[in-house]
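Sequence lines set the chain letters: A, B, ... in the order given, protein chains first and strands last, and positions in each chain run from 1.
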Amino acid sequence: MYALVDCNNFYVSCERVFRPDLRDKPVLVLSNNDGCVVALSNECKQLGIHRGVPLYQIQDMIKQHDIAVFSSNYTLYGDMSNRVMQLLTDMSPDIEIYSIDEAFLDLSGFDLIDLESYGRQLSRVVVKSTGIAVGIGVAPTKTLAKIAGRFAKKYPGYKGTCVIDNDEKRLKALKLTDISDVWGIGRRNVTKLKALGIMTAYDLTLRSKSWIQSKLTIVGVRLWLELKGTPCIEREDSRARKSICTSRSFGEMVSTYDELAESVAYFASRGASKLRKQHSVASMITVFIYTNRFREDLPQYTTSQSLKLSSPVSDSVQIVEAALQALRMIFREGYLYKKSGVILQNISSDEAIQLSLFNKKDTKKLNKISQVMDEINRKNGDDTVHLAVQQMDRNNNTANEQAVKWRLKEDYKSARFTTNLKEIIQVNAK
DNA sequence: TCTGGGGTCCTAGGACCC
DNA sequence: TCTGGGGTCCTAGGACCC
């Protein structure tokens with residue numbers, strides 16, 4: 001059996017831990033640049049607000065219903081997530097952290113344990129120790145555990161834990177689950193399946209394997225088996241990433257090469273440090289730049305450029321250099337750019353590197369420099385030291401230099417309560 | 001005025017090999 | 001008129017997840 005542990009409205013719950021006055025009030029959390037809604041409290045859901053709606057479209061409702069609005073604070077959410085996951089790790093034999101707010105527990109060997117009371121104990125401990133409420137679904141496959149988890153949250157009768165441990169419960173749950181609520185069936189396939197008369201998860205299980213294969217490929221067959229009780233979804237944690245993408249929309253559009261280059265250098269070096277963290281190297285890099293696709297009145301330019309590196313590397317110097325080389329190949333004057341990004345690909349372990357005959361760079365030395373930078377930044381905070389091209393501290397200069405336009409816009413950000421002493425003191429002083 | 005970021009997997013089709 | 005068989009690798013695009 002598997003247990004899915006899923007935090008309720010996770011980002012909202014994190015904000016509420018430090019703002020208990022908002023417990024029963026409508027709260028929402030925005031995406032980067034305060035663009036769209038990414039998390040909402042149940043009160044907001046009841047008002048008809050949906051995930052993904054742009055902020056400007058709901059300004060009136062926010063005023064009218066006095067909705068509390070937060071910019072996303074990933075430092076805070078990441079730290080709260082670690083606390084929840086640590087508790088789950090302590091209380092279970094085998095945990096797979098699936099996302100920032102979800103984990104699967106492998107319950108092999110729990111045959112003699114009452115899974116319902118085990119689930120309730122887990123959720124009691126988590127909410128008491130962290131302030132974050134969780135829903136728990138228990139079932140023989142991950143896909144069924146997801147379905148059980150939905151029931152746990154939807155019906156108060158389950159008291160936060162729903163267990164599917166026999167065929168009668170399984171079939172009942174499948175019949176009550178709309179096809180659009182099945183994990184792995186997205187918008188496109190919902191339209192397709194409903195047109196074919198498949199309305200519930202149960203309807204899907206009635207079709208033959210070959211029918212599923214022809215409509216939904218091998219992915220659908222796995223899902224079909226999972227719904228019927230045969231586990232076939234592998235765990236995907238603890239694997240090194242196969243690609244690492246770092247990108248951001250800008251707070252304000254930028255037009256010059258220099259501004260774009262700063263952003264690309266910054267993303268490239270952040271990517272390089274993620275790469276080193278998982279002990280990998282990359283031998284291909286892609287840089288992309290976008291104009292603002294919503295501004296139909298402006299000329300549009302969206303492009304990318306990939307470069308193969310002469311040997312796999314992970315040091316910031318070589319990766320930033322390659323990224324800027326790619327950017328020079330695609331940059332065009334006369335556009336207002338809204339977003340850039342860097343993708344590191346062809347990733348392999350840093351233990352067995354095929355060295356190039358032609359790479360004249362002293363990779364050993366550059367790696368050492370990056371290691372030292374990582375160490376300093378780990379102790380003193382991100383970007384304490386960085387490459388000069390990144391121009392991190394330009395905002396602090398008193399000269400008439402322009403502010404860094406591409407920096408994120410975050411007007412409603414809470415303090416990093418659990419990780420940043422200076423901010424905690426400021427909040428207390430207030 | 002204002003519209004997120006970071007991933008994975010699968011398939012089809014083309015280039016190329018013997 | 002008639003034009004093989006079997007394979008790998010790479011890429012772009014689509015679909016999905018949180």
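Listed by chain and number, the residues in a salt bridge (charged side-chain N to carboxylate O under 4.0 Å, His left out) with A:Arg19 are A:Asp21 (sequence neighbours excluded). Looking at residues two or more places apart in sequence or on another chain, you find a ring-ring contact (aromatic ring centres under 6.0 Å, His included) between A:Phe151 and A:Tyr155. In this structure A:Tyr11 satisfies the ring-ring contact (aromatic ring centres under 6.0 Å, His included) test together with A:Tyr74, A:Tyr77, sequence neighbours excluded. Looking at residues two or more places apart in sequence or on another chain, you find a ring-ring contact (aromatic ring centres under 6.0 Å, His included) between A:Phe110 and A:Tyr118.
Contacts of A:Lys338 with the nucleic acid, taken as non-hydrogen atoms under 4.0 Å apart, involve only primed sugar atoms and P, OP1 or OP2. Among the atoms of the strands shown, only primed sugar atoms or phosphate atoms (P, OP1, OP2) are found under 4.0 Å from some heavy atom of A:Asp101.
Every stem involving DNA chain C, taken as at least 3 paired positions in a row under the Watson-Crick or G-U wobble test at 3.5 Å, is listed here: B:5-18 with C:5-18.
Residues of residues 48-87 of chain A that place a heavy atom closer than 4.0 Å to DNA chain C do not occur. For the segment residues 184-196 of chain A, the set of residues with a heavy atom within less than 4.0 Å of an atom of DNA chain C comprises A:Gly184, A:Ile185, A:Gly186, A:Arg187, A:Arg188, A:Asn189, in numerical order. Contacts of residues 203-227 of chain A with DNA chain B (heavy atom under 4.0 Å): A:Thr217, A:Ile218, A:Val219, A:Arg222.
Pairs passing the salt bridge (charged side-chain N to carboxylate O under 4.0 Å, His left out) check and including a residue from residues 290-302 of chain A, sequence neighbours excluded, read A:Arg295-A:Asp297. Residue pairs meeting the ring pair (Phe, Tyr, Trp, His ring centres under 6.0 Å) criterion with at least one member in residues 175-231 of chain A, sequence neighbours excluded, are A:Tyr98-A:Trp183, A:Phe104-A:Trp183. Applying the ring pair (Phe, Tyr, Trp, His ring centres under 6.0 Å) rule to pairs touching residues 300-339 of chain A yields A:Tyr257-A:Phe331, A:Tyr301-A:Tyr335, A:Phe331-A:Tyr337, sequence neighbours excluded.
The outermost nucleotides of DNA chain B lying under 4.0 Å from heavy atoms of chain A, listed 5' to 3', are B:dC2 to B:dT11.
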